[in-house]
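Order of listing sets the numbers, starting from 1, for every ligand and every atom in it. Values below: all heavy atoms of this structure, side chains included; hydrogens, waters and symmetry mates excluded.
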Amino acid sequence: MDGKATSKDPQVAVFEENFERFGLPYPTEQDLEREARREQRLDDVSFEGIARYITSGKCKNIVVLTGAGISTTAGIPDFRTPGSGLFNVLQTYGLTTARSIFEIDYFQMNPKPFFVAAKAVYPGQFKPTISHYFIKLLQNKGLLLRHYTQNIDTLERVAGITGDHLMEAHGSFHTGHCMACNKEYSQDWIRVEIMADKIPRCTECDGVVKPDIGFFGDPMPDKFYQLAAEDFPKCDLLIVMGTSLIVQPFASLIARVSVDTPRLLINREKCGYEVHGPRPGFQFELKDNKRDVAWLGTTDDGCLALADLLGWKEHFRQLIENSDTK
Ligand code: CNA
């Protein structure tokens with residue numbers, strides 16, 4: 001994953017080059033004007049308006065973007081929530097930013113905080129949340145074009161969202177590699193070491209074994225850009241849940257849908273005003289806002305409320321009831 005980027009940051013140019021290289025070029029002035037001239041898609045710029053749009057038959061390709069906030073009710077701490085975030089846990093190690101634990105230079109110097117954090121989010125200990133099942137419900141209804149997640153906890157897979165509908169933008173714990181000799185290790189082998197509070201060490205050369213999750217400064221996988229180029233031009237609703245929209249280039253995805261595409265944020269607080277993409281971040285307060293809606297509260301409550309408005313309450317209940325991970 002790449003880090004927080006400012007508009008002057010040379011990293012932003014690198015992301016843009018990659019989006020362009022994989023087929024999602026920066027829009028021209030004319031493109032933006034054409035998009036802006038299109039008819040407003042929501043009959044009302046509200047949560048209810050979004051629900052009516054989903055059931056209107058005009059909304060067929062929903063892209064969902066998520067972050068750590070959809071997994072906090074599963075018991076996995078996020079980075080930023082005061083008192084419970086990994087941030088607080090890691091202050092024990094004298095780190096001033098949670099980001100340090102996912103920085104390769106810091107990891108090479110001191111891998112311990114990373115493995116403490118990894119233990120907290122390691123796959124196999126947690127169950128998906130209502131929010132994960134809502135995304136699965138969108139898939140079952142044939143409306144989910146893709147779910148882009150920043151999470152590394154693999155709970156979307158546990159909820160049954162299939163690999164072809166999923167982009168794990170920051171990698172996963174599925175495999176790991178020795179930092180010195182590149183020997184591959186399985187998730188199960190690494191799990192045993194991490195759960196025993198050990199730093200996993202290569203059986204061949206004693207190098208540190210790092211799970212294959214993206215660190216700050218690691219390039220995003222090509223697949224991330226390829227899928228974005230495929231998905232964003234046809235996305236007709238963007239749902240963003242449980243993320244502070246700080247990490248780039250993920251955050252810039254909200255600016256890759258056309259300027260007439262409705263966007264719904266379900267989160268504890270508003271965010272995503274400045275995302276350094278080709279189009280504006282969220283513009284909830286703009287006088288002539290035609291498409292951005294914020295629902296504030298927990299993502300689980302937001303998903304339940306939306307399912308209700310959509311008339312999917314019973315389907316949703318059944319899906320959660322029938323999941324074998326209850
Ligand atoms: P973040 O920066 O910690 O932001 C989380 C956001 O979600 C904040 O705006 C919170 O207020 C909000 N939030 C937390 N809980 C809820 C809730 N129940 N309902 C509604 N909103 C809530 O996390 P991001 O995902 O934006 O940051 C990206 C990093 C965090 C990624 O690189 C992840 O890999 C990394 N991370 C992942 C996990 C995981 O896999 N579960 C856990 C912690 C960190």
Side-chain angles (χ1 to χ4, degrees), residues 1-5 64-90 95 97-104 107 113-114 116-135 147-159 166-174 187 211-218 220-221 224 239-254 264-273 275 281-282 294-306:
M1 67 173 136
D2 294 288
K4 182 178 178 179
V64 180
L65 310 181
T66 61
I70 68 160
S71 293
T72 52
T73 53
I76 305 174
D78 69 1
F79 270 0
R80 278 163 248 268
T81 302
S84 66
L86 279 179
F87 184 84
N88 298 46
V89 176
L90 293 158
L95 296 170
T97 67
R99 179 190 158 117
S100 311
I101 57 159
F102 291 109
E103 268 168 358
I104 204 69
F107 180 82
F114 167 77
V116 171
K119 187 176 178 183
V121 300
Y122 211 79
Q125 319 168 67
F126 304 99
K127 292 172 185 169
T129 65
I130 287 170
S131 311
H132 292 97
Y133 285 115
F134 182 74
I135 304 164
H147 173 202
Y148 290 73
T149 183
Q150 297 170 91
N151 294 344
I152 47 180
D153 56 32
T154 67
L155 286 183
E156 27 283 293
R157 287 180 188 270
V158 183
L166 190 58
M167 176 66 226
E168 288 155 324
H170 296 164
S172 84
F173 281 101
H174 194 58
Q187 175 174 314
D212 293 337
I213 62 161
F215 272 38
F216 290 107
D218 284 346
M220 298 292 277
F224 171 80
I239 300 181
V240 182
M241 301 199 283
T243 171
S244 57
L245 287 175
I246 285 179
V247 177
Q248 295 281 4
F250 192 94
S252 80
L253 290 177
I254 72 164
L264 169 65
L265 173 73
I266 302 179
N267 208 41
R268 278 213 180 110
E269 72 282 328
K270 289 182 186 171
C271 60
Y273 289 95
V275 290
F282 285 128
W295 189 97
L296 300 186
T298 70
T299 58
D300 289 352
D301 286 348
C303 288
L304 286 169
L306 187 54

Please confirm whether [X] comes under 4.0 Å of ligand 1, counting heavy atoms of the residue only.
{"X": "Thr299", "answer": "yes"}
{"X": "Gly297", "answer": "yes"}
{"X": "Gly242", "answer": "yes"}

Would [X] count as being in polar contact with ligand 1, using the rule that some N or O on each side must be under 3.5 angstrom apart?
{"X": "Ile152", "answer": "yes"}
{"X": "Thr73", "answer": "no"}
{"X": "Ser244", "answer": "yes"}
{"X": "Ile266", "answer": "no"}

For a quick test of reading the model, state the closest non-hydrogen atom pair linking [X] to [Y] and the distance between them.
{"X": "Ala74", "Y": "Phe126", "value": "O-CD2, 3.3 Å"}
{"X": "Ser131", "Y": "Asp300", "value": "OG-OD1, 2.5 Å"}
{"X": "Thr154", "Y": "Pro123", "value": "OG1-CB, 3.4 Å"}
{"X": "Cys271", "Y": "Phe282", "value": "O-CD1, 3.2 Å"}

I need the atoms of ligand 1 closer than 4.0 Å to a non-hydrogen atom of [X], numbered in the order shown.
{"X": "Thr243", "value": "6 (C), 7 (O), 9 (O), 24 (P), 26 (O)"}
{"X": "Ile76", "value": "41 (N)"}
{"X": "Gly67", "value": "25 (O)"}

Given that the side chain starts at C-beta and the backbone is N, CA, C, O, which of these parts of [X] lies under 4.0 Å from ligand 1, counting heavy atoms, or is it both or neither?
{"X": "Glu269", "value": "side chain"}
{"X": "Arg268", "value": "both"}
{"X": "Thr72", "value": "side chain"}

First locate atom CG of Leu65, then atom CG of Leu264, and finally report the distance between them rounded to the nearest 0.5 Å. 11.0 Å

Atom CD1 in Ile239, atom OG1 in Thr299: separation rounded to 0.5 Å? 12.0 Å

Looking at residues at least two apart in the chain, or sitting in another chain, which of them share a side-chain contact (heavy atoms from CB on, under 4.5 Å) with Asp212? Thr175, His177

Does Thr243 have any side-chain contact (heavy atoms from CB on, under 4.5 Å) partners at least two apart in sequence or in another chain, and if so, which? Gln150, Val240, Leu245

In terms of its nearest heavy atom to atom 16 (C) of ligand 1, the top option of Ala68, Ala169, Gly69, Pro123 is Gly69

Taking the minimum heavy-atom distance to atom 37 (C) of ligand 1, which of Asn151, Ile130, Leu65 ranks first? Asn151

Backbone N or O of Leu155 within a donor-acceptor pair of the Asp153 side chain at under 3.5 Å? yes

Specify whether Phe107 and Phe114 have parallel, tilted or perpendicular ring planes, treating 30° as the upper limit for parallel and 60° as the lower limit for perpendicular. perpendicular

